[in-house]
Amino acid sequence: MTKPLPIVGYINPLVADALRDPTSGINVTQLRAERNGCVSAPLVLKTDADAEIAKLRAEIECFHKALESIEMGIDALPDDNEDYSRMTAREMQRQALIIVKEELKALKGPAA
């Protein structure tokens, strides 16, 4: 889990919705970032949020690649043993688990 972004102020959620509407006529320079009990929503800097979003997207991409690698590894498992007898479901499951564990170890990096 990531650390929460630093809060730089608070805004009324109704005002925040109005700010999204370009026809609202609200002058952004007149807003004050003050806590007002339960009707205030926290504000964070857009640059902080964008940096966190980029980091999370990169992490998601890494997970997608790992999942793809796992799927390809499992698809490549042979149906037969070395003596051409059919592989049991238990053996296929064991080999698939080995592939998943190897990919998880790779995700954790050399420190794992």
Side-chain angles (χ1 to χ4, degrees):
M1 191 79 189
T2 60
K3 293 187 333 188
L5 296 173
I7 296 172
V8 295
Y10 296 88
I11 189 170
N12 183 309
L14 296 174
V15 174
D17 288 341
L19 285 173
R20 292 184 190 99
D21 179 9
T23 62
S24 68
I26 294 178
N27 182 352
V28 179
T29 59
Q30 296 174 346
L31 295 175
R32 292 180 307 196
E34 298 176 350
R35 181 183 280 279
N36 188 12
C38 61
V39 296
S40 295
L43 296 173
V44 297
L45 292 176
K46 183 174 180 341
T47 54
D48 291 345
D50 287 345
E52 189 65 25
I53 290 169
K55 192 184 322 174
L56 292 173
R57 283 189 175 146
E59 193 173 339
I60 289 170
E61 181 63 27
C62 183
F63 290 143
H64 279 289
K65 287 179 182 176
L67 180 59
E68 186 177 313
S69 177
I70 289 169
E71 288 173 345
M72 289 174 52
I74 290 173
D75 287 345
L77 287 174
D79 292 336
D80 301 326
N81 289 315
E82 291 176 5
D83 63 355
Y84 301 106
S85 62
R86 295 296 288 170
M87 190 180 295
T88 64
R90 170 73 89 198
E91 178 60 21
M92 290 180 113
Q93 189 177 34
R94 187 188 69 75
Q95 289 186 13
L97 185 60
I98 290 170
I99 292 171
V100 171
K101 285 181 179 180
E102 287 173 356
E103 198 59 43
L104 286 174
K105 191 182 228 181
L107 272 175
K108 292 179 182 177

With side-chain contact (heavy atoms from CB on, under 4.5 Å) as the criterion, how do L97 and Q93 come out once you've worked through the C-alpha distance, each side chain's angles and the decisive distance to 0.1 Å? CA-CA 6 Å; L97 185 60; Q93 189 177 34; 5.8 Å; no

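- A salt bridge links K55 with E52: the distance from a Lys NZ or Arg NE/NH1/NH2 to an Asp or Glu carboxylate oxygen falls below 4.0 Å.
- Annotation: side-chain contact (heavy atoms from CB on, under 4.5 Å) contacts of L107 (sequence neighbours excluded): C62, F63, A66, L104.
- Here the CD1-CD1 distance, from I74 to I99, works out to 5.5 Å after rounding to the nearest 0.5 Å.
- You'll find the side chain of E91 reaches within 4.5 Å of the side chain of Q95, heavy atoms only.
- Minimum interatomic distance between V44 and I7 (heavy atoms only, all atoms of both residues): CG1-CA, 4.4 Å.
- Distance CD/E103 to CE/M72: 10.5 Å, rounded to 0.5 Å.
- Taking 4.5 Å as the limit, some side-chain heavy atom of D48 sits within range of a side-chain heavy atom of P6.
- Separating the CD1 atom in I60 from the CG atom in L67 is a distance of 13.0 Å, to the nearest 0.5 Å.
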